[in-house]
*Asks:* 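Structure below; questions to follow.
Only heavy atoms go into these numbers, but all of them, side chains included; no hydrogens, no water, no symmetry mates. Indexing begins at 1, ligand by ligand and atom by atom, following the structure's order.
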Amino acid sequence: MLTVKNLTFSYNKTPVLKDLSFTAKQGENVAIIGESGSGKSTLLNLIFGESDLNQGQIFWKDEQVLGPKYNLVVGYDFMKYVSQEFDLMPFITVEENIGKHLSNFFPEEKKERTAELLEVVELTELAKTKVKTLSGGQKQRVALARALAKQPEIILLDEPFSHIDNFQKQSLRRNVFRYLKDKNITCVVATHDREDVLGFADRMIVLYDNKIVVNDSPENLFKNPEAPLIASFFGEFNIIGDAIIYAHQLKMVTNSELKATVIHAYFKGHYYLIEALLDDDVVFFESKTNLEKNTTQYLEIIR
Ligand code: ADP
Ligand code: MG
């Protein structure tokens with residue numbers, strides 16, 4: 001289990017992270033969510049032991065993770081970190097990068113392991129290609145595979161799919177997160193992309209204003225988004241009265257008290273997102289068909 005206890009950290013005078021506490025169990029997938037600049041990368045750096053805390057402690061099981069003041073070499077064997085910079089070796093091949101930290105005393109195992117990981121990150125065809133010739137997304141996949149090569153007990157992923165194009169993102173996410181679950185590897189993933197979270201994370205920790213504002217399952221937070229910040233993570237929403245109502249919770253009906261005037265219809269694939277005016281407030285709802293501008297639509301809130 002990863003334990004973060006009362007962690008406070010600042011680069012200069014103002015704290016970036018204030019009194020954070022949370023845990024991640026063995027095999028659990030915990031997502032760290034927050035706007036750009038909210039401290040996600042800083043938190044992962046600290047868990048990895050790259051800087052000294054101002055206050056608090058970090059433990060993996062019984063072992064305290066210590067910063068550079070106490071450790072000559074940053075990093076621990078049980079933990080791997082895929083940061084936003086990938087730190088690959090550009091002049092050797094993809095498979096050599098992945099196998100870099102695997103022992104040459106077991107050539108068969110090394111070969112098998114490298115092949116398995118190439119499949120997880122869908123790079124088998126590029127095994128013999130030099131890393132310097134790869135695209136950003138391909139490099140990111142090599143970095144992921146290399147971090148998994150030695151089977152860490154815990155892995156820290158910083159926006160791990162940010163450079164990967166949409167054609168491959170979906171299957172890659174499934175591969176990587178399934179692999180981590182299969183091997184019971186604890187995963188702490190920093191992201192602002194809900195697609196990295198939904199269907200994969202066991203818990204979501206939301207950072208805001210230097211603190212943890214919520215720590216709960218995605219399901220619970222989706223059903224009861226306590227603040228607009230949380231609702232916005234899941235999709236378009238409205239504030240009607242004091243309540244947070246998702247766009248999909250506004251149902252089109254033939255008559256009701258809620259009378260909206262259509263402003264615009266956005267094609268979204270299997271539905272249109274409709275922007276409309278409801279008593280001078282802009283609201284969003286979903287429609288199966290395109291709606292004309294200035295037409296009237298009655299709405300009902302369903303929960
Ligand atoms: P996120 O990953 O959520 O975008 P970061 O952890 O990168 O956020 O940054 C959190 C805050 O710390 C930001 O205000 C950023 O400008 C600041 N920061 C990040 N790295 C450094 C650094 N090396 N020195 C000083 N300030 C930093
Ligand atoms: Mg970051």
Side-chain angles (χ1 to χ4, degrees), residues 2 4-22 24 29-58 65-71 73-75 79-88 136-137 139-144 146-147 152 154-165 169 172-173 176-177 180 186-198 200-201 203-216 218 221 225 227-234:
L2 172 75
V4 173
K5 253 193 198 163
N6 305 111
L7 176 156
T8 295
F9 177 78
S10 55
Y11 288 103
N12 30 54
K13 285 218 176 72
T14 38
V16 177
L17 300 168
K18 265 195 257 176
D19 200 25
L20 265 59
S21 296
F22 67 93
N29 179 326
V30 176
I32 310 286
I33 313 298
E35 297 166 341
S36 187
S38 60
K40 302 182 297 294
S41 299
T42 302
L43 178 58
L44 294 191
N45 285 338
L46 294 170
I47 296 173
F48 195 60
E50 272 185 9
S51 307
D52 297 295
L53 308 181
N54 296 25
Q55 269 171 51
Q57 288 130 11
I58 298 167
V65 175
L66 296 167
K69 221 189 259 176
Y70 309 90
N71 255 350
V73 183
V74 171
M79 179 150 51
K80 283 282 175 279
Y81 181 18
V82 183
S83 69
Q84 284 175 300
E85 302 97 45
F86 315 130
D87 311 321
L88 298 170
K139 284 182 189 151
Q140 192 163 31
R141 285 187 272 150
V142 179
L144 277 165
R146 192 188 50 180
I154 169 167
I155 192 165
L156 312 174
L157 303 175
D158 199 351
E159 303 192 19
F161 310 109
S162 56
H163 290 75
I164 292 154
D165 59 55
K169 236 182 210 175
L172 190 67
R173 273 191 194 105
V176 169
F177 288 132
L180 294 173
T186 304
C187 170
V188 182
V189 53
T191 181
H192 49 237
D193 185 347
R194 73 177 145 221
E195 298 289 327
D196 292 344
V197 177
L198 301 183
F200 303 116
R203 270 178 316 110
M204 245 174 84
I205 289 176
V206 181
L207 291 182
Y208 184 73
D209 199 15
N210 315 110
K211 293 188 285 278
I212 293 178
V213 285
V214 281
N215 176 355
D216 205 338
L221 293 176
L229 174 78
I230 299 164
S232 69
F233 185 75
F234 294 107

*Asks:* Do the side chains of Arg173 and Asp196 get close enough for a salt bridge, i.e. N-O under 4.0 angstrom?
*Replies:* yes

*Asks:* Can you tell me if Lys40 uses its side chain to pair, donor with acceptor, with the backbone of Glu35 under 3.5 Å?
*Replies:* yes

*Asks:* Would Lys40 count as a polar contact of ligand 1, with the cut-off being nitrogen or oxygen pairs under 3.5 Å?
*Replies:*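 Between Lys40 and ligand 1 (N or O atoms, distance only) the closest approach is under 3.5 Å.
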
*Asks:* If we ignore hydrogens and angles and just use 3.5 Å, is the side chain of Gln140 paired with the main-chain N or O of Pro160 as donor and acceptor?
*Replies:* yes

*Asks:* Specify the protein heavy atom at minimum distance from atom 8 (O) of ligand 1: its residue, its atom name, and the distance to 0.1 Å.
*Replies:* Gly39 N, 3.1 Å

*Asks:* Just to confirm my output: which protein heavy-atom neighbour is closest to atom 19 (C) of ligand 1, and how far is it?
*Replies:* Tyr11 CE1, 3.4 Å

*Asks:* For Glu159 and ligand 1, answer yes if some heavy atom of the residue is under 4.0 Å from a ligand atom, otherwise no.
*Replies:*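 No, Glu159 has no heavy atoms under 4.0 Å from ligand 1.
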
*Asks:* Hey, what do you get for CG (Leu17) to NZ (Lys211), rounding to the nearest 0.5 Å?
*Replies:*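 So the CG of Leu17 and the NZ of Lys211 are separated by 11.5 Å.
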
*Asks:* Which protein heavy atom lies closest to atom 7 (O) of ligand 1, and at what distance to 0.1 Å?
*Replies:* Ser41 CB, 3.8 Å

*Asks:* Mark the output for Ser38 as yes if a heavy-atom distance to ligand 1 is under 4.0 Å, and as no if none is.
*Replies:*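 Within the 4.0 Å threshold, so yes.
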
*Asks:* Working to the nearest 0.5 Å, report the span between OG1 of Thr14 and CG of Asn210.
*Replies:* 8.0 Å

*Asks:* Considering heavy atoms of the protein only, find what lies nearest to atom 1 (P) of ligand 1 and give residue, atom and distance to 0.1 Å.
*Replies:* Gly37 N, 3.4 Å

*Asks:* Looking at atom 16 (O) of ligand 1, is any protein heavy atom nearer than 4.0 Å to it?
*Replies:*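 False for atom 16 (O) of ligand 1.
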
*Asks:* Can you list the ligand 1 atoms lying under 4.0 Å from a non-hydrogen atom of Glu35?
*Replies:*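 Selected atoms, number and element: 3 (O).
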
*Asks:* More than 12 heavy atoms of other residues, nucleotides or ligands under 6.0 Å from OH of Tyr208: yes or no?
*Replies:* no

*Asks:* Test your reading of the model: is there a side-chain donor-acceptor pair from Arg194 to the backbone of Phe234, 3.5 Å cut-off?
*Replies:* yes

*Asks:* Counting heavy atoms only, which of Thr14, Thr42, Leu17 is nearest atom 9 (O) of ligand 1?
*Replies:* Thr42

*Asks:* Going by the atom numbers of ligand 1, which of them fall below 4.0 Å from some non-hydrogen atom of Val16?
*Replies:*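 Reading through ligand 1 atom by atom, the close ones are 10 (C), 11 (C), 12 (O).
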
*Asks:* Quick check: Gln84 and ligand 1, any N/O pair under 3.5 Å apart?
*Replies:* no

*Asks:* Decide, counting backbone as well as side-chain atoms, whether Ser36 has an N, O or S atom less than 2.8 Å from the Mg ion (ligand 2).
*Replies:* no

*Asks:* Give a yes or no on this: more than 12 heavy atoms of other residues, nucleotides or ligands lie within 6.0 Å of atom NZ of Lys169.
*Replies:* yes

